[in-house]
Every structure is written in C-alpha cells, then in structure tokens.
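What follows is a single structure, written as structure tokens, with notes after it.
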2 protein chains.
Amino acid sequence: MTDNCRADWIAVDWGTSSLRAWAMTGDVVIDARQSDDGMGRLGPGLFEPALTQLIDDWLGDKCLPVLACGMVGARQGWSEAAYRPVPCAPLGAPFHRIHPDDRRFTVHIIPGLSQLDPADVMRGEETQIAGFLSSEPDFEGVLALPGTHNKWVTLRSGLVTGFRTVMTGEVFALLSGQSVLRHGMGQGWCETAFAEGVTAAIERPADLPLALFALRAEGLLKALAPDAARARLSGLLIGAELAATRPMWQDAPIALLGAGRLSQLYAIALDLAGAKARVTDGTALTLAGLTRAFRLLQESP
Amino acid sequence: MTDNCRADWIAVDWGTSSLRAWAMTGDVVIDARQSDDGMGRLGPGLFEPALTQLIDDWLGDKCLPVLACGMVGARQGWSEAAYRPVPCAPLGAPFHRIHPDDRRFTVHIIPGLSQLDPADVMRGEETQIAGFLSSEPDFEGVLALPGTHNKWVTLRSGLVTGFRTVMTGEVFALLSGQSVLRHGMGQGWCETAFAEGVTAAIERPADLPLALFALRAEGLLKALAPDAARARLSGLLIGAELAATRPMWQDAPIALLGAGRLSQLYAIALDLAGAKARVTDGTALTLAGLTRAFRLLQESP
C-alpha cells in the first residue's frame, strides 16, 4: 500500500498477448502500466498473481473495482464470462464478477458478444465499440475494426445488431511469412500493386485461389518486385474481404476504428470498392469503453 | 565400385524435402534408395556429394547417365534448368546437363514448364505428366495432380497447352495447424462436413473469407465437432479451388493422378460440382516419366 495513489478504480485491457492497466480517478488516468502477461501465457491460478504484481502499489485500504475486458473472460482465461447474444448494447451490467483472494480489489469482467447465425464471437471489441459510441452515440451504420481478426459490426440505435469476423490479418501473416510465397516477399510496399490486388479480388473474388501462387510465378518469370508481391497479396486478401462483407457495408455509413496504417489501407480499399469510410482514431477507445463500463457499474443496483 | 550392380542408367526424383534414386536396366528397376537430402537442406556444392553418397555402389567403370527431375533444377538447386514454355510436350531432349567432378556419372536435369500469362511454373510434375502420357498417349482433357501445390493441366495432342497451380494443400496445413482455427481442429474426419464445405464454397466462393472464422465460432457456440471442423475446412478450400478452376475442367475429361486419400477427396468434390473424374494410380508415374526421358536421351543425336 502506498499513499501516493488515489485511484478509485482500475481499468484493464487483458488480451491474448498483453496486459494493460490504468489507475483511474473517474475518467482521469493517473497512472498506466503494461506487461507481457497476456492470456496466452497464463495458466489456471496465474491470473490473479499477474494482475497483483502489476497494480500492487495502486492498491490501498479501500477495495477497488477492476473493470477488465478481452480474452481474460475466455474459457482459457481467468474465469469464463458468458457471451451476451446480439442484438444488444455493447456493454451491459452486471458484469462477470470474480472475488480474488486479495481483498484489496474485486474484478468485473466485461463479457464478449455472440451471434448464433451466422455463428460469430468477439471479446474485447465490444468495449471498443462502447468507447466509440460514448463519443458518437447517434452513429448508425457499420463499424470496421481492422486487426488480426477484423470485425465488421452493424450498429442501430446504440445496439450491435450483427457482426462478422474475417481472419485477413492472420491469413496475410501466414501466407507472407510461412508459405512458399515468403520467398518472393519484401518488407516494403507498393501502392499500385496493392490497388491492383484489391481491384482484382473485388471484381473476381472466386479467382483468389489462382491469384496466390501467381505471385510466386510472376516473381520467377516476370521479376515481380518483392515489395509489389507483398502489397498485392495484402490487396488481394483485403479485396476478398470487402467482396465477402459487401452486403454489410454497401450503402451504409462506415467508420474505420484505428488511426494506424492498416485502417488507411482499408479506407483505400473501400474507396476502390466505391465506398467512403471515415477513419476514427481508435487508440483511446478501449479505455473510453472501460470508463463507460465503470459508470454502468456505479449506476447498477 | 561393386560388381553386383549392372545398372545402365539411374533415375532420380529430387524434390524439396527428399531424394529418391533407382538403379535401372532399361525400364526395369534393379535397386532403389532414398534419403532426406532434399533441395531444401542442401546448399551450393552439396548436391553432388549427397547424390554420390546415395548411389556410390551402383557406379562402376562405365559412365552412367543420371536422369533427374524436380527442384534439383531450381534456381536454389544444383544447377538451374531453364523452364520450357508451354505449349510443349512435357519432356524435350536435350536436357540440362551437369558434368560432376565424379566421372562415373553425368547428370541430365529435366526442365520444368512455365506459362507466361497467367504466370505459372512447375518442376517435377512435367515428368509425372510424361509418365501418364506414356501409358495413355491419346488422353485429351484435364489432368489434376493433388498435393501441397495442386496442378491443373490441360493436355491436347500430347502437349501441355496450359496449367494452373493452386496452393490448397499448403493453405489447409497453415490454417488447420497454425491459425486460431487450430484450437477447434481434430485429427479425424467427417464426410458430411466435408461435403457441406465443398458445396458451400462452390455455390458462394466469394463468401470463403467469412466461412473460415465461422468454424471457430461454431466450435464455441454450437459445439461443432473438431473432426467436422477439419473436414469442413478442407471442403471449403477444395470447393473454392474447384470454383476457381472450373473454366479448365468444365466439360473436359478429368484424370486425377494419385491413388491416395487426397485424390479421392478431389473426386468426391468434383462429383459434388457436377463433374466425373477418374482416379489414376500416380505412384509409379514419376519413374515412368524418367524412363521416358531416358529413351528420349538415347534417341537424341
């Protein structure tokens, strides 16, 4: 226990590969920490020690609520928080409560969302969606969250009405880094090749299986530059994703979460597909969503 | 040198991961060997020692011709054998000749085939195709060679007129073994799930990106059996391959090379797609093709 921390709650983003925590007073961050103790490296019984180690000197006499989102609530996490089925608001109290051995804090895990048909799940993104809605409560349309597993989310009247996950980021990493295509892949980029890939996949999505090995063959026969090969592969996969998700985003307002390069690529690709998307800074959305969850906890009976 | 081997030539199938050799008298096998010294583990200067080690006691006073096919002729192989552009017969003498330091043998590498538009390449399959044609010289239609990188080959009047490579086997291995889908994959099989995957991908190939993560979600939400998940993934990828290659095989006689389980799966999938394919034992085709190459070498001036 220290005297110099006056946190009244703690926000935690606990994913597969990392653990991030913020000491909070209301919606003000007074300290922040992170570690590599993601769900992926923790077995049963190791979650509480990992968290305590990170936040120990934020804790005092008062029992602090910890609001946590992400894979910490998965079956392989600290304790399984059952999915909430859509349509529903991204957050809903009460959350999944854990009573740690350490009496200086309690943990409230935010459940992920599920959709039965077509089957889909998310954990963590619901909190980002809540963060987005806390600043844009009237948004109606489609939210895209680019990442390893991209989420396409339909929002109506503050509710998540449906969503789909596409593994484009993971497939790109496997094909560019581990398949035979890796021999022809650079680390750089080529805007033109990216656009060619997007356009080809949008126009002929069924031809994608043929387009993959052609990258290797063009490298051997036509001296396709390695940077262009990498960019075209990315374009092909993102274009195929857009072709598959078109019924969701066609004619809908689209917001891309995340100010990073990946979101810019999706904006370019959507533009090539004839749609306009605005890119919203997604950096602080998880914390904004956790703050929203803390308010809900305070308001709940 | 030994007296007990009367080989008059040596057949070699030298791929990425293995080296196979046969001591031959005409078209009769008198001995066979193999090792793990595939191209993938050999650097410059290591090819001749690897081969000599394997065939040393087949060699004698007479300089024997070695006929070799596969990745040994790639840029990273022993010596690059330039591709022969289609349309062309699968084999054509003279082959790419190497003069080893060891004077007891010479090496003739069979070049792979290339196609400029759409760009594609093969190395090794041309020899299997020649082996197939040596027993069925009048076949006209499409030859499918299932494997890690499947080849679809159009044959007319004994010539390869075009071909395409689809990386279905490698993509299946990466997705089932290394992506997030691995958590829901069994080692077994389910015929029904395979057929469902094939049919779904043939009917809606553009939806493939959505169908992948659904395997994981159905495992979590609907208790999709791990064996069914694996079979459906295989079906989805093979179905997508058939949708993409349909212009090649539609209305053409189809021969599937290889009597193994993979060829049977392609036969089932083609049947679901409305096409009949006959399955031909592919085991001895490489050796038959190498034997055909030896005859061509003898006939060449």
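Atoms considered below: every heavy atom in the structure, side chains included; atoms not considered: hydrogens, waters and symmetry mates.
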Closest non-hydrogen atom pair between A:S234 and A:F194, with its separation: OG-CE1, 3.6 Å
Which bit of B:E170 is near chain A, if near means a heavy-atom gap under 4.5 Å: side chain, backbone, both or neither? side chain
Please test A:V121 against A:T165 for side chain to side chain contact (heavy atoms under 4.5 Å, CB included), starting from the C-alpha separation and ending with a verdict. CA-CA 8 Å; A:V121 293; A:T165 304; over 6 Å; no
Run the side chain to side chain contact (heavy atoms under 4.5 Å, CB included) check on B:D13 and B:C69 step by step: do they pass? CA-CA 5 Å; B:D13 178 13; B:C69 69; 3.9 Å; yes
Tightest non-hydrogen contact, residues A:D37 and A:W14, listed as O-NE1, 2.8 Å
A:W249 side chain vs A:W152 backbone, donor-acceptor pair below 3.5 Å: no
Do you know which of B:A206, B:A173, B:P118 has the most heavy-atom pairs under 4.5 Å to chain A? B:A206
Do you know which of A:L212, A:V166, A:T245, A:L174 has the most heavy-atom pairs with chain B at a distance under 4.5 angstrom? A:L174
Could you walk me through whether A:F95 and A:I109 pass the side chain to side chain contact (heavy atoms under 4.5 Å, CB included) check? CA-CA 6 Å; A:F95 304 113; A:I109 298 181; 5.9 Å; no
Comparing B:V180, B:L237, B:L215 against chain A, the one with the most heavy-atom pairs below 4.5 Å turns out to be B:V180
Please identify, among A:Q76, A:M167, A:R246, the residue contributing the most non-hydrogen atom pairs under 4.5 Å to chain B. A:M167
Taking A:A201's backbone N and O only, do any of them form a donor-acceptor pair with A:R204's side chain (distance below 3.5 Å, no angle check)? no
N/O donor-acceptor pair under 3.5 Å between B:R84 side chain and B:P90 backbone: yes
Please check this pair: side chain of B:R232 against backbone of B:A193, looking for a donor-acceptor N/O pair closer than 3.5 Å. no
Quick check: closest heavy atoms across A:A231 and A:C190, and the distance to 0.1 Å? CB-O, 3.3 Å
Tabulate, in ascending numerical order, the residues of residues 123-130 of chain B having at least one heavy atom closer than 4.5 Å to a heavy atom of chain A, or enter 'none'. none
When A:Q178, A:H183, A:E241 are compared by non-hydrogen pairs under 4.5 Å with chain B, the top option: A:Q178
Toward chain A, the part of B:H149 with a non-hydrogen atom under 4.5 Å: side chain
For the interface with chain A, which of B:T168, B:L181, B:T148 has the highest count of heavy-atom pairs at distances below 4.5 Å? B:L181
Against chain B, work out which of A:D207, A:L116, A:T16 has the most heavy-atom pairs shorter than 4.5 Å and name it. A:L116
When the 4.5 angstrom heavy-atom criterion is applied to B:V171 and chain A, the contacting part is side chain
Looking at chain A, which one of B:K222, B:Q115, B:E218 has the largest number of heavy-atom pairs inside 4.5 Å, strictly under? B:K222
Backbone N/O of B:A214 and side chain of A:R164: donor-acceptor pair under 3.5 Å: no
